[in-house]
Amino acid sequence: MSENEQDARRARLEALRQAGVDPFPARVAEHTSIAALRVPWEDVSAEVLEAEMPPAAIAGRIKAHRSFGKLLFMTLVEDGVAMQVCLRKQEVTPEVFDFSKKLDVGDFVRAEGFVWRTKKGELTLDARDVTMLAKCLQPLPEKWHGLADVETRYRQRYLDLLSNEEARTTALLRSRVTTALRQFLGERGFLEVETPVLQPIYGGAAARPFTTHHNMLDQQLYLRISDELYLKRLVIGGLDRIYEIGHNFRNEGISKKHNPEFTMLECYQAFADYRDMMDLTEAMVGFIAESVLGTTSVEFQGTKLELGRPWPRITIRDAILEKTGVDMLAAADLPSLQQAVRDAGKDPGEAPTWGVLVDDLFSDYVEPTLIQPTFITDHPVELSPLAKRSSEDPRLVERFEPFIGGMEIGNAFSELNDPDDQRQRFETMGKAREQGDEEAHPMDEAFLLALEHGMPPTGGLGIGVDRLVMVLADASNLREVILFPHLRPEGD
RNA sequence: GGGCGCGUAGCUCAGUUGGCAGAGCAGCGGACUCUUAAUCCGCCGGUCGUAGGUUCGAGCCCUACCGCGCUCACCA
């Protein structure tokens with residue numbers, strides 16, 4: 001016979017049907033989870049098991065299948081936990097033995113028998129009956145080397161999860177992170193809310209949006225680039241402590257730190273400012289690390305990070321001054337800042353405005369050095385259209401960004417609640433748009449109307465959940481912590 | 001978008017100077033009552049990413065394209 005493996009599996013599927021066996025039954029007869037079954041018997045001796053013969057039934061996917069003449073072993077896996085099953089020809093009907101011999105790796109079965117221990121000491125289910133739960137028609141990745149092809153790991157993540165322990169570990173870790181996040185915020189009285197993904201006007205960040213269309217309304221809509229403007233409306237409405245964990249969509253480049261859709265936590269606390277949000281951020285990240293890893297000390301890309309509080313708080317002015325010798329506040333317009341940069345022996349580049357040059361200096365000379373958790377604070381107002389002005393310097397805002405591992409993992413500020421100032425900021429952004437800045441914020445009259453109804457002093461915080469998970473999972477690429485990262489369509 | 005690298009059997013990978021496309025695992029047939037990467041014997045399995053070109057002859061050299069990775073640029 002020269003059939004390939006798929007054909008062979010199809011043939012066995014047909015044979016089952018011919019024999020009157022449903023290869024995809026709906027019901028699974030009574031069984032115990034493998035994890036739960038192992039617990040009471042893990043340390044019980046072969047002699048005791050032999051004498052007691054505890055009856056048991058388990059269900060799982062066949063991970064390995066080894067057959068001898070009159071003896072057969074297979075390993076079942078259920079929810080990540082494995083257990084060996086054996087069939088002895090003299091103990092089962094010829095039908096059951098024959099059926100079991102023809103099972104494929106990847107099939108799901110239920111096995112019923114007695115808890116037992118082999119001569120090699122392995123806890124095993126000595127089966128008397130085996131039934132089909134679901135046929136697997138495709139061969140699974142090789143048992144020894146697993147699945148290494150990066151593209152296949154992303155496109156067919158289920159294979160990655162099945163064959164690479166690390167993929168499973170990361171998925172579990174990510175889930176525990178969001179659980180811990182909800183626990184942390186819930187304990188502090190924050191309410192989880194949901195706001196629109198489809199928005200008539202996008203806002204809350206500087207980014208190009210994805211555009212879509214509602215057919216019946218004949219309305220252009222955008223996939224949100226941020227939840228911010230809706231969450232603030234809720235604060236105005238008296239929901240004083242709220243958060244949302246959801247996807248944002250930004251129509252930009254893809255890199256190991258950027259996916260077109262990513263998970264953002266945004267939370268807002270009325271009667272708080274950005275200092276309070278720094279306290280909250282430190283406590284939150286520490287709590288999450290402690291919850292999922294049991295420690296705030298983590299290894300990230302070869303460096304030990306201490307995520308416990310307190311984190312240094314450095315103004316963006318001081319950070320740039322320290323790394324470049326340039327004082328952005330002493331050189332408070334574009335030409336003088338450019339000159340200061342040149343005087344420091346560095347290239348000011350093509351930055352069109354003072355604020356952008358500040359941002360460039362920060363990105364080039366400071367950001368890569370922020371390995372240990374650090375708050376960078378007090379950004380130029382020009383870069384922060386939704387943040388409240390600093391009472392000490394109107395050129396700056398009460399804003400901070402937390403950095404870990406050289407990555408920006410969030411953004412936060414004392415929220416701008418002066419509707420007239422907010423209108424001016426929008427208008428400034430409007431001019432930038434006219435000058436070709438596609439990422440500048442569009443005017444949002446509905447949001448301004450909401451602000452005019454009064455928003456309390458409020459602290460707002462956004463955390464890039466994917467990047468935080470990267471740090472905790474020691475992942476070098478965002479795609480490792482996103483189950484289905486965006487890829488180009490498969491070519492031919 | 002630029003640069004560099006990669007793409008060979010279902011999976012993991014070899015493939016020499018351009019000279020008949022290979023191994024292990026998986027699969028198929030057989031042996032086997034304690035294996036757990038089972039073992040042993042036999043067999044099947046290929047659009048060498050795609051399309052062109054050079055050559056007597058291309059997995060290998062050249063060109064274009066597709067996909068993936070790294071990196072730079074762009075970008076929170």
Side-chain angles (χ1 to χ4, degrees), chain A residues 1-12 46 63-76 82-92 97 101-102 104-106 116-124 126 136-156 159-160 162-164 204-208 225-226 248 250-260 262 264 349-350 356 359-360 362-364 367 379 383-384 401-403 407-411 437-439 462-464 466-467 476-479 485 487-492:
Chain A
M1 269 206 258
S2 65
E3 59 197 346
N4 64 32
E5 183 163 358
Q6 264 189 66
D7 292 339
R9 285 171 183 254
R10 286 265 170 206
R12 283 189 283 276
K63 183 191 182 185
H65 189 273
R66 304 174 285 279
S67 93
F68 298 75
K70 294 167 184 158
L71 177 69
L72 184 160
F73 293 99
M74 50 192 175
T75 305
L76 294 195
M83 177 136 178
Q84 180 166 271
V85 172
C86 97
L87 281 106
R88 291 183 286 173
K89 192 164 190 175
Q90 68 188 40
E91 302 289 347
V92 300
F97 197 79
K101 255 167 83 171
K102 288 177 183 153
D104 288 307
V105 168
W116 189 57
R117 204 173 275 286
T118 61
K119 286 175 187 168
K120 294 284 168 66
E122 172 145 356
L123 196 66
T124 299
D126 184 20
C136 171
L137 292 172
Q138 294 279 353
L140 298 180
E142 195 229 356
K143 61 187 172 188
W144 187 237
H145 299 91
L147 180 66
D149 184 78
V150 176
E151 189 175 349
T152 308
R153 289 184 45 237
Y154 294 157
R155 288 195 196 277
Q156 294 177 272
L159 297 180
D160 190 28
L162 285 173
S163 42
N164 296 319
R208 287 188 298 182
I225 60 172
S226 150
N248 290 345
R250 298 187 184 176
N251 209 335
E252 302 169 336
I254 297 173
S255 79
K256 57 182 182 177
K257 294 179 189 175
H258 298 84
N259 195 59
F262 61 99
M264 178 84 106
E350 308 278 302
V356 172
D359 200 34
D360 288 349
F362 177 77
S363 300
D364 291 346
E367 181 167 350
H379 298 64
L383 300 174
S384 316
E401 294 176 311
F403 287 83
M407 285 188 295
E408 177 203 337
I409 62 147
N411 186 21
D437 182 356
E438 290 184 73
E439 297 180 351
I463 294 286
D466 315 271
R467 288 182 181 177
S476 64
N477 194 315
L478 201 64
R479 289 175 163 181
L487 298 177
R488 285 189 171 81
E490 244 172 319
D492 49 353

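Computed over heavy atoms, backbone and side chain alike; hydrogens, waters and symmetry mates excluded. Below, chain A is the first sequence line, B the second, and so on; all start at residue 1.
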Between [M] and [N] - [atom1] atom distance, rounded Å:
N: B:G3; M: B:U63; atom1: P; result: 12 Å
N: B:G1; M: B:A37; atom1: P; result: 47 Å
N: B:G49; M: B:U55; atom1: P; result: 23 Å
N: B:C20; M: B:G27; atom1: C1'; result: 26 Å
N: B:C44; M: B:C6; atom1: C1'; result: 30 Å
N: B:C40; M: B:A26; atom1: P; result: 11 Å
N: B:A58; M: B:C25; atom1: C1'; result: 30 Å
N: B:U17; M: B:C61; atom1: P; result: 11 Å

Checking all strands, does [X] fall into the base, sugar-phosphate, or nothing category for heavy-atom contacts under 4.0 angstrom?
X: A:Gly464; result: nothing
X: A:Ala64; result: nothing
X: A:Thr75; result: nothing
X: A:Gln138; result: nothing

For [X] and [N], give me the distance from atom [atom1] to atom [atom2], rounded to whole Å.
X: A:Leu478; N: B:C70; atom1: CG; atom2: C1'; result: 16 Å
X: A:Phe73; N: B:A37; atom1: CZ; atom2: P; result: 13 Å
X: A:Leu71; N: B:U33; atom1: CG; atom2: P; result: 8 Å
X: A:Arg488; N: B:C66; atom1: CZ; atom2: P; result: 9 Å
X: A:Arg88; N: B:U33; atom1: CZ; atom2: P; result: 13 Å
X: A:His65; N: B:C34; atom1: NE2; atom2: P; result: 16 Å
X: A:Asn4; N: B:G46; atom1: CG; atom2: P; result: 9 Å
X: A:Arg155; N: B:C66; atom1: CZ; atom2: C1'; result: 11 Å

Between the protein and nucleotides 5-9 of chain B, which nitrogen or oxygen pairs come in under 3.5 angstrom?
none

message = On RNA chain B, compare the nucleotides closest to A:Glu122 and A:Asp104; which residue's is nearer the 5' end?
response =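 Per heavy-atom nearest nucleotide, the more 5' residue is A:Asp104.
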
ask   = How do A:Ala148 and A:Gly69 order along RNA chain B: which one's closest nucleotide is nearer the 5' end?
value =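 Residue closer to the 5' terminus by nearest nucleotide: A:Ala148.
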
query = Closest to the A:Leu147 side chain: B:U33, B:C28, B:C11?
reply = B:C11

Give every donor-acceptor pair under 3.5 Å between a side-chain atom in residues 63-73 of chain A and any protein atom, sequence neighbours left out.
residue, atom, partner, partner atom, Å
A:His65, NE2, A:Ser100, O, 2.9
A:Arg66, NH2, A:Gln84, OE1, 2.9

message = Just to verify, what does A:Arg117 make a salt bridge (Lys or Arg N to Asp or Glu O under 4.0 Å) with, not counting sequence neighbours?
response = none

task = Output yes when a side-chain donor or acceptor of A:Asn259 lies under 3.5 Å from a complementary backbone atom of A:Phe262, and no otherwise.
result =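 Judged by distance alone, no pair lies under 3.5 Å.
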
ask   = Quick one: what's the B/S/- string for nucleotides 71-76 of chain B, heavy-atom cutoff under 4.0 Å, read 5' to 3'?
value = S---BB

query = Which letter, B, S or -, goes with each nucleotide of nucleotides 21-26 of chain B from 5' to 3', with contact meaning a protein heavy atom under 4.0 Å?
reply = ---BBS

inquiry  = Using OP1 and OP2 only, check whether a side-chain N or O of A:Arg66 sits under 4.0 Å from B:U39.
reply    = no

message = Suppose we screen for side chain to side chain contact (heavy atoms under 4.5 Å, CB included). Which residues come up paired with A:Gln138, at least two apart in sequence or across chains?
response =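 Side chain to side chain contact (heavy atoms under 4.5 Å, CB included) check on A:Gln138 returns A:Gln6.
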
request  = Counting Watson-Crick and G-U wobble pairs only, both distances under 3.5 Å, name the nucleotide matched with B:C6, or none.
outcome  =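 With both distances under 3.5 Å, B:C6 matches B:G67.
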
